[in-house]
Amino acid sequence: CRALMDEVEHDVTKARQKRTKVGSFRINPDGTQERRKIPLAQSEAFLTDLLDKVCERMNDYKLEEDPVTKERTFKRFAPRKGDKIYKEFKKFHFYSDAYRPLKFACEAIIEEYEDEIFSLIAQEAHYLTDKLCSEKSGLCETSTNHTDL
């Protein structure tokens with residue numbers, strides 16, 4: 001859940017700086033159209049596309065175990081598109097069946113909580129990961145450190 005929402009939050013944060021036109025393509029009797037600009041992150045088309053593709057990125061995560069607490073969490077190891085090292089990194093091919101369960105879990109969470117994800121983004125909620133993974137779904141314990149989300 002945290003890996004999924006980390007990816008969603010990253011894309012939504014980037015998209016909040018952009019705007020898109022929404023509304024009807026119908027022409028009113030007076031010759032005008034009802035179209036307005038909204039933040040791209042609140043566009044249903046953007047969010048649907050994001051949720052359709054986000055689980056493909058689960059192979060950018062690896063399972064790590066805290067040496068002290070023995071808590072196991074998935075952490076992103078791959079750079080994001082746009083990072084300086086991204087072009088060099090993509091020359092290497094990483095694939096493992098070990099990440100199939102993470103992708104499957106991602107898809108199951110989206111299927112179960114898609115409306116809640118849309119709602120949190122529409123409300124421009126902060127700490128999307130904790131809001132969905134802890135409060136809405138109960139899938140995770142609440143994080144006390146919001147800086148690593």
Side-chain angles (χ1 to χ4, degrees), residues 1-26 32-66 71-149:
C1 186
R2 291 191 180 284
L4 160 66
M5 292 309 291
D6 178 54
E7 292 300 315
V8 168
E9 195 156 15
H10 176 264
D11 285 14
V12 166
T13 299
K14 282 184 3 188
R16 281 196 175 127
Q17 296 150 19
K18 300 175 185 170
R19 298 183 80 68
T20 188
K21 289 182 181 177
V22 295
S24 172
F25 285 101
R26 292 166 95 192
T32 61
Q33 278 184 305
E34 289 185 31
R35 299 194 33 93
R36 57 189 164 84
K37 281 191 166 191
I38 64 165
L40 180 60
Q42 293 178 357
S43 157
E44 186 174 346
F46 167 79
L47 293 173
T48 300
D49 187 52
L50 170 61
L51 294 185
D52 282 347
K53 296 176 181 173
V54 71
C55 294
E56 298 298 323
R57 293 188 236 160
M58 293 300 107
N59 63 344
D60 291 345
Y61 286 77
K62 67 178 181 155
L63 188 60
E64 289 186 354
E65 184 175 293
D66 185 293
E71 180 183 4
R72 295 167 27 139
T73 57
F74 282 96
K75 299 277 186 184
R76 185 177 181 84
F77 73 89
R80 296 185 191 277
K81 203 173 190 173
D83 289 352
K84 290 179 184 177
I85 195 170
Y86 180 78
K87 283 184 183 178
E88 284 298 312
F89 184 82
K90 281 301 173 188
K91 290 179 183 176
F92 301 98
H93 182 72
F94 298 94
Y95 181 79
S96 169
D97 283 341
Y99 297 98
R100 278 198 172 154
L102 184 59
K103 182 181 177 208
F104 178 75
C106 175
E107 291 166 347
I109 291 167
I110 287 175
E111 189 173 318
E112 179 79 20
Y113 297 102
E114 183 174 19
D115 292 341
E116 287 84 351
I117 294 169
F118 279 177
S119 175
L120 288 169
I121 293 168
Q123 296 168 21
E124 296 188 19
H126 296 288
Y127 309 117
L128 290 176
T129 302
D130 279 344
K131 294 268 192 227
L132 180 76
C133 299
S134 301
E135 294 175 24
K136 298 277 185 188
S137 70
L139 295 169
C140 304
E141 292 180 13
T142 303
S143 172
T144 55
N145 182 3
H146 293 292
T147 60
D148 64 349
L149 298 179

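Nothing here was measured: the structure is a model prediction, and the numbers come from that model. Numbers for residues simply follow the sequence, beginning at 1.
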L47 vs I117, test: side-chain contact (heavy atoms from CB on, under 4.5 Å). Steps then yes/no.
CA-CA 9 Å; L47 293 173; I117 294 169; over 6 Å; no

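For the atom pair R57 CZ and L102 CG, the distance stands at 13.0 Å (nearest 0.5 Å). F46 contributes atom CZ, which lies 5.5 Å from atom CG of D11 (distance to the nearest 0.5 angstrom). Considering NZ of K131 and CG of L120, their distance stands at 8.0 Å, rounded to 0.5 Å. To the nearest 0.5 Å, atom CG of residue D6 and atom CZ of residue F74 are 13.5 Å apart. Rounding to the nearest 0.5 Å gives a distance of 9.5 Å between CZ of R2 and OG1 of T73. Taking OG1 of T48 as the reference point, atom NZ of K53 lies at 11.5 Å (rounded to 0.5 Å).
I109 places none of its side-chain heavy atoms less than 4.5 Å from the side chain of S137. At least one side-chain heavy atom of L51 sits less than 4.5 Å from a side-chain heavy atom of V8. Residues D130 and M5 form no side-chain contact, since every pair of their non-hydrogen atoms from C-beta on lies 4.5 Å or further apart.
Between the side chain of T13 and the backbone N or O of E9, at least one donor-acceptor pair lies under 3.5 Å.
Counting heavy-atom neighbours within 6.0 Å of E65 CD, excluding the residue itself, gives a total above 12.
Taking the side chain to side chain contact (heavy atoms under 4.5 Å, CB included) definition, one finds that E64 meets it with K62, K75, sequence neighbours left out. In this view, E56 and K103 satisfy the side-chain hydrogen bond (donor to acceptor under 3.5 Å, both in side chains) rule, not counting sequence neighbours. Applying the side-chain hydrogen bond (donor to acceptor under 3.5 Å, both in side chains) rule to K136 yields no partners; only residues at least two apart in sequence or on another chain are considered.
The two residues M58 and C106 come nearest to each other via the heavy atoms CG-CB, 3.9 Å.
Between C133 and C140, the gamma sulfurs sit at a distance of 2.5 angstrom or greater.
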